[in-house]
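Reading through the C-alpha cells given below for one structure.
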Amino acid sequence: MTTVVLVLLCLAIAGRELYLASDKRLPRAQAELRELRSRIHELGKRHDALQAELAELRDTPAITIPQPAARAEEPPAPPAEPPPGSLYAADRPPAEVAELAGRVDRLEERLGAVSAELAGAELDRAARHALARSLDAAEQVVGELRREMLERLGREEGVVSGLLLSEEGEAEALLADAYERCSGEYGLRVRIRDQRSVQTPGGAFWGTSYHLSGRRADALAEELFTYVRDLRDPHDPSALAALLAELAHLAGGGIARIGAFTAVRTSTGLVCGLLPDDVPESAEPWEPATRIRELPADLQADLSWLC
C-alpha cells in the first residue's frame, strides 16, 4: 500500500511536466491490462480443466497397496484376491497402475503450479489496477494543465489549432517535419501534439493534431493564404511551399490545417482555402476539398500544378 501511495504522489508531482507531450503510457497500461485479463482467463480455464481431470482420476477405485514381504521364518501368506474394480485387478496390469499414479502426481504438481500462478496474477492485476487508476488521475491533471496553459497563452500570445493527416500515415515523418518548420517560419511554437487516427468509410487517416502559440489565428491564416495564392514557382524555398510539395506528392489523401488555412490533397489535385473552424477532424479529404471549391474565388487557390 505504501508503494502505491508513493507512486500516486510521484505521478501527481510529475503531472506538470507531462503536459508538454502526449501521455502515451495509458494506452500501454490498458493494453497490458487487456493482456493480463486474457492471461487470467486462460489460467482459469487451465485450472478448471486440471481440477476436473484430477477429480476424475480420484473417482477411480483406490489403488491396492501391496503388503510388505513377510519375514523369512514366517510362512508367506497366501495372495489375496484383488477386489473387483481395483486397479490391481486382472484387467489392470501393474504398469498401468504405475502410469496412472504418476499421472496423478504430475497433475497435482501442475495444479499447484497453476494455483500459484493464479495467485501471483491476482496480485499483479491489483497492482496494475492501481497503476491504471494512477494514470487516469495523471491524465486528468495533464488535461487541466493543458487547458490552463492554452487559456493563458490565448490571452497573452494567441493560440492556433492545427491538424496534419495522411491516408494510412503515408510520409508522416516528412509531413510533420515540413509542417513544424512552416509553423516556426511564421512565428508559431508547438505547444501540444496529440496523435490522431481517424477512421472514415474511405480508409484510415493517421497524423497529429496541434496547438500552436505565438500568433493570432485570423491574421496568420490571411498571411498564409496570401502567400499561397501568389505562389508560382514549384521550387520555392519557403517552408510553406515545402509543406505543400509534400502534400502534393502523396499517393493518397491528406490534410494540413493551420487555423483557418487549409490545404487538401485528393486523388484529383491539391486545393487551399480559408475554412471556418467547424470542419470536423473526422472529415475525409474530399469533404473539406468540396467546401473549399464552394468558397468565393478570392478565398480559394488550386495548386494541382504541384502534383
Side-chain angles (χ1 to χ4, degrees), residues 19-20 22 143 145-166 175-194 196 198 205 207-233 236-248 253-266 269-304 306:
Y19 75 86
L20 295 174
S22 297
L145 289 171
R146 282 181 171 181
R147 285 191 294 273
E148 179 184 344
M149 179 188 68
L150 293 175
E151 288 173 2
R152 175 173 55 81
L153 290 172
R155 292 191 301 268
E156 297 175 0
E157 304 176 9
V159 173
V160 179
S161 61
L163 180 65
L164 182 65
L165 296 174
S166 62
L175 284 169
D177 180 68
Y179 185 96
E180 294 184 16
R181 284 194 294 109
C182 175
S183 300
E185 189 174 88
Y186 281 85
L188 296 172
R189 180 179 175 185
V190 176
R191 294 293 185 173
I192 296 175
R193 298 179 186 87
D194 279 320
R196 282 288 180 268
V198 178
F205 289 81
T208 308
S209 67
Y210 290 90
H211 284 88
L212 313 157
S213 70
R215 295 286 302 274
R216 300 297 174 184
D218 293 342
L220 173 65
E222 289 286 349
E223 184 176 346
L224 289 167
F225 181 70
T226 299
Y227 190 93
V228 166
R229 190 172 49 192
D230 296 333
L231 185 63
R232 298 292 183 270
D233 183 3
D236 187 292
S238 69
L240 177 55
L243 172 60
L244 295 172
E246 291 294 345
L247 277 175
I255 302 175
R257 294 196 67 180
I258 302 177
F261 175 78
T262 307
V264 184
R265 174 71 166 102
T266 66
L270 175 66
V271 293
C272 299
L274 298 178
L275 289 180
D277 292 336
D278 61 352
V279 178
E281 292 185 1
S282 59
E284 298 189 50
W286 47 84
E287 294 178 19
T290 300
R291 293 187 61 174
I292 288 174
R293 291 189 177 101
E294 293 172 351
L295 293 171
D298 59 341
L299 295 179
Q300 61 171 291
D302 192 336
L303 300 179
S304 299
L306 285 173

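Side-chain atoms are counted along with the backbone in the values below, which use heavy atoms only and exclude waters and symmetry mates. Residues take their numbers from the sequence shown, with the count starting at 1.
Using a 4.5 Å heavy-atom threshold, the side chains of Leu244 and Val228 count as touching. Side chains of Gln300 and Leu274 form no contact here, defined as non-hydrogen atoms less than 4.5 Å apart. In this structure, Leu212 and Tyr179 have side chains that are in contact, with non-hydrogen atoms separated by less than 4.5 Å. Side-chain contact between Cys272 and Thr262: absent, with no pair of heavy atoms (C-beta onward) separated by less than 4.5 Å. Two residues are said to be in side-chain contact when any heavy atoms from C-beta on lie closer than 4.5 Å; Leu188 and Leu220 meet this criterion. Between Val198 and Leu165 the shortest side-chain heavy-atom distance falls below 4.5 Å. Under the 4.5 Å side-chain criterion, counting only non-hydrogen atoms from C-beta, Ile292 is not in contact with Glu294.
Here the closest non-hydrogen pair linking Leu175 and Glu246 is CD2-CB, 3.6 Å. The shortest heavy-atom contact between Ala301 and Arg229 is CB-CA, 4.5 Å. Residue Ile258 comes nearest to Ser183 through the heavy atom pair CD1-OG, 4.3 Å, listed as atom of the first residue, atom of the second, then distance. Smallest separation of non-hydrogen atoms from Arg291 and Leu275: CB-CD2, 4.0 Å. Annotation for Ala263 and Leu247: closest pair CB-CD1, 3.7 Å, computed over non-hydrogen atoms. Considering all non-hydrogen atoms of both residues, Ala260 and Ala221 come closest at CB-CB, 4.0 Å.
Atom CZ of Phe225 is separated from atom CG of Leu231 by 12.0 Å, given to the nearest 0.5 angstrom. To the nearest 0.5 Å, atoms CZ (Phe261) and OG1 (Thr226) are separated by 10.0 Å. How far CZ of Arg265 is from CG of Leu306: 10.0 Å, rounded to the nearest 0.5 Å. Separation of atoms OG (Ser166) and CD1 (Ile255) is listed at 10.0 Å; rounding is to 0.5 Å. For the atom pair CG (Asp194) and CZ (Arg196), the distance works out to 5.0 Å, reported to the nearest 0.5 Å.
Using a 30° and 60° split on the angle between ring planes, Tyr186 and Tyr227 fall in the perpendicular class, above 60°.
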Go through the steps to decide whether Ser213 and Arg191 satisfy the test side-chain hydrogen bond (donor to acceptor under 3.5 Å, both in side chains), and finish with yes or no.
-> CA-CA 7 Å; Ser213 70; Arg191 294 293 185 173; 2.8 Å; yes
Show your reasoning for whether side chain to side chain contact (heavy atoms under 4.5 Å, CB included) applies to Val190 and His211.
-> CA-CA 6 Å; Val190 176; His211 284 88; over 6 Å; no
Give the C-alpha distance, both sets of side-chain angles, the deciding distance and a yes or no for side chain to side chain contact (heavy atoms under 4.5 Å, CB included) between Arg293 and Val271.
-> CA-CA 8 Å; Arg293 291 189 177 101; Val271 293; 3.8 Å; yes
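The pair Glu156-Arg152 meets the salt-bridge criterion, since a charged nitrogen lies less than 4.0 angstrom from a carboxylate oxygen. In summary, Arg215 and Glu223 engage in a salt bridge, as defined by a charged side-chain N under 4.0 Å from a carboxylate O.
Between the side chains of Tyr210 and Glu180, at least one donor N or O sits under 3.5 Å from an acceptor N or O. Checked by atom type, the side-chain pair Arg193/Thr208 shows no donor-acceptor distance below 3.5 Å.
A 6.0 Å sphere centred on CZ of Arg189 holds no more than 12 heavy atoms belonging to other residues, nucleotides or ligands. Heavy-atom contacts from other residues, nucleotides or ligands closer than 6.0 Å to CG of Asp302 number more than 12.
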